[in-house]
2 protein chains.
Amino acid sequence: MDKYDQIKLENQICFPLYALSREIIKLYKPILDKYNLTYTQYITMLVIWEKEKIGFKDLGRLLHLDSGTLTPVLKKLEAMELIHKYRSKEDDRIVIVEVTEKGNSLKEDILHVPEEIYCKLNIETEKLFTLKKQLDEILTQISE
Amino acid sequence: MDKYDQIKLENQICFPLYALSREIIKLYKPILDKYNLTYTQYITMLVIWEKEKIGFKDLGRLLHLDSGTLTPVLKKLEAMELIHKYRSKEDDRIVIVEVTEKGNSLKEDILHVPEEIYCKLNIETEKLFTLKKQLDEILTQISE
DNA sequence: TTATAATCAATTGAATAAAATTAAATTTTA
DNA sequence: TAAAATTTAATTTTATTCAATTGATTATAA
């Protein structure tokens, strides 16, 4: 037992999380390229598709992204005419994001993406499910 | 069962990986700030400390980082005098990285960092261990 | 030997990220 | 009610990260 063991890369818990996250995003790349979406833009659209209309703040909270990241992402999605933004009538500070018709049309094309990723991952559904459960649990705990 | 269920954020396996990875890096931030290291610089130093001397290519492979990321990281670490780089005598294409005396001195101060992170995470060691095992397994499979 | 291919690191441009600041509006409190 | 504090989102700045390309070097094949 070496006192330096604890700072070996192989003994870091966060590292495989960091590395795997980036590796999987790389798997998404060729698929999302067809729709001119980055991974961040893609997950942002997932939430907007599901909610149809959502406040900027709530969107950031769900995605764990702060305004400095989210603002340019939404600007890009708006330029692509997938969403539009407007300020709340009741409270002018609040920005609301809504999916456009063009955005909803893209939703139909995107439907097959998760399936393609699962094929590329090639891991038992059961394994993925238990892994996701563990990650969600830790994520909830940390985000408090 | 809605056909749109599969593109809900909550059903994406990669998302908690991506979000948790960034959340944990945020936990590192205040700790690593004291040493003027980013998370990427930190894990890069972990490998260099362990190997003492390593080729650029091997370093990138271990960290899952390509030259576009690693080049500026090493440039910064060299400016901080923690490492030095030189090209191989045998093959001028190959860059070799070595830890400096100052770099090795920092190693001693860094020893407590993993402990601090475990405290912040506040998760059973057993849970973390099994999680890491699963992640490592998938990472190995994907990186083939 | 010469031409071609492969390898390697650096560079470039776009996207992502965090921190600090600004600006506007609302809520609280004195 | 008026002032102060808080909330909210955008902007700005600085830094990081990634994919694609470039340029240099070495290895291989004709």
Side-chain angles (χ1 to χ4, degrees), chain A residues 15 18-45 54-80 83-97, chain B residues 14-15 18-33 36-45 54-61 63-80 83-97:
Chain A
F15 176 70
Y18 171 70
L20 185 55
S21 163
R22 287 182 298 120
E23 289 294 345
I24 295 187
I25 288 171
K26 276 186 211 165
L27 294 183
Y28 274 97
K29 180 109 195 351
I31 299 172
L32 295 179
D33 272 354
K34 297 173 205 157
Y35 310 104
N36 278 304
L37 290 176
T38 64
Y39 180 74
T40 312
Q41 290 163 8
Y42 168 71
I43 57 171
T44 302
M45 285 307 300
I54 185 172
F56 181 101
K57 191 79 179 181
D58 290 334
L59 187 56
R61 206 189 58 251
L62 288 172
L63 294 166
H64 295 254
L65 294 174
D66 79 359
S67 76
T69 304
L70 203 49
T71 296
V73 168
L74 294 181
K75 197 174 280 183
K76 187 73 196 296
L77 293 174
E78 193 173 36
M80 294 167 78
I83 64 166
H84 72 99
K85 293 180 300 178
Y86 59 90
R87 283 178 184 274
S88 161
K89 257 182 186 163
E90 291 78 33
D91 185 340
D92 204 49
R93 294 168 303 184
I94 293 175
V95 165
I96 296 166
V97 180
Chain B
C14 182
F15 175 70
Y18 171 69
L20 186 55
S21 164
R22 285 181 298 119
E23 290 293 346
I24 294 186
I25 288 172
K26 275 186 211 163
L27 294 183
Y28 274 97
K29 181 106 194 359
I31 299 171
L32 296 179
D33 272 354
N36 279 303
L37 290 176
T38 64
Y39 179 73
T40 312
Q41 289 163 6
Y42 168 71
I43 57 172
T44 302
M45 284 307 301
I54 186 171
F56 181 101
K57 190 84 179 178
D58 290 334
L59 187 55
R61 206 189 58 251
L63 294 166
H64 296 253
L65 294 175
D66 82 343
S67 74
T69 305
L70 202 50
T71 296
V73 168
L74 293 181
K75 198 173 280 183
K76 186 75 193 297
L77 292 174
E78 192 173 39
M80 293 166 79
I83 64 165
H84 73 100
K85 292 181 302 178
Y86 57 92
R87 282 180 185 271
S88 161
K89 256 182 189 167
E90 291 77 33
D91 186 340
D92 203 49
R93 293 170 302 183
I94 294 173
V95 167
I96 296 165
V97 181

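Chain A is the first sequence line, chain B the second, and so forth, proteins listed ahead of strands; every chain is numbered from 1. Fair warning: this is a prediction, and the values are worked out from it, not measured in the lab.
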query: Nearest-Å distance, OH (A/Tyr86) to C1' (D/dA10)?
result: 18 Å
message: Whole angstroms only, please: what is the CG-C1' distance between B/Asp92 and D/dT25?
response: 7 Å
- prompt: In the 5'-to-3' direction, what one-character label does each nucleotide of nucleotides 4-9 of chain C receive under the scheme B = base within less than 4.0 Å of a protein heavy atom, S = sugar-phosphate only, - = no such atom?
  reply: ---BSS
- prompt: If you round to the nearest 0.5 Å, how far is CD of A/Gln41 from CG of A/Leu77?
  reply: 5.0 Å
statement: Here the distance between atom P of C/dT16 and atom CG of A/Leu74, to the nearest Å, is 11 Å
statement: Within residues 19-28 of chain B, those residues having any heavy atom closer than 4.0 Å to DNA chain D are none
- prompt: Under 4.0 angstrom, heavy atoms only, what part of the nucleic acid is B/Tyr18 near: base, sugar-phosphate, or nothing?
  reply: sugar-phosphate
task: Round to the nearest Å and state the distance from A/Leu70 atom CG to D/dT11 atom C1'.
output: 14 Å
Atom pair OG1 (B/Thr71) and CG (B/Leu65), whose distance is rounded to the nearest 0.5 Å: 10.5 Å
- prompt: Is B/Glu78 reaching over with its side chain to a backbone N or O of B/Lys85, donor-acceptor style, under 3.5 angstrom?
  reply: yes
query: If pairing requires Watson-Crick or G-U wobble contacts with both distances under 3.5 Å, which nucleotide is the partner of C/dA30?
result: D/dT1
message: Between P on C/dT16 and CG on A/Leu37, what's the gap in Å once rounded to a whole number?
response: 10 Å
task: Give the rounded distance in Å between these two atoms: CG of A/Leu63 and P of C/dA18.
output: 13 Å
message: Taking side-chain contact (heavy atoms from CB on, under 4.5 Å) as the definition, give me every residue that meets it alongside B/Ser21, ordered by chain and number, with sequence neighbours left out.
response: A/Leu17, A/Tyr18, A/Ser21, B/Ile25
- request: Scan B/Asp66 against the nucleic acid and name what it touches under 4.0 Å (heavy atoms): base, sugar-phosphate only, or nothing.
  value: base
message: Quick check on DNA chain D: between A/Lys75 and A/Asp33, whose nearest nucleotide comes earlier from the 5' end?
response: A/Lys75
- request: Calculate, to the nearest 0.5 Å, the distance between atoms CG and CD1 belonging to A/Leu63 and A/Ile54 respectively.
  value: 7.5 Å
- prompt: Should B/Val95 and B/Leu74 count as side-chain neighbours, where that means a heavy-atom distance under 4.5 Å?
  reply: no
Using a cut-off of under 3.5 Å, enumerate the N/O to N/O pairs linking the protein to nucleotides 14-16 of chain D.
residue: D/dT16; atom: OP1; partner: B/Gln41; partner atom: NE2; Å: 3.3

- request: List in chain and number order the residues that pass side-chain hydrogen bond (donor to acceptor under 3.5 Å, both in side chains) with B/Glu23, two or more places apart in sequence or in another chain; answer none if no residue qualifies.
  value: A/His64
task: Indicate, with a heavy-atom threshold strictly under 4.0 Å, whether B/Leu65 touches base, sugar-phosphate, or nothing.
output: sugar-phosphate
field: Residue list, side-chain hydrogen bond (donor to acceptor under 3.5 Å, both in side chains) with B/Arg93, at least two apart or on another chain
entry: B/Asp91
query: With a cut-off of 6.0 Å (strictly less than), are more than 12 heavy atoms of other residues, nucleotides or ligands near NZ of B/Lys89?
result: no
task: Give a yes or no answer on whether the side chain of A/Asp58 reaches the backbone of A/Arg61 with a donor-acceptor pair at less than 3.5 Å.
output: no
- prompt: When rounded to the nearest 0.5 angstrom, what distance separates CD1 in A/Ile31 from CG in A/Leu37?
  reply: 12.0 Å
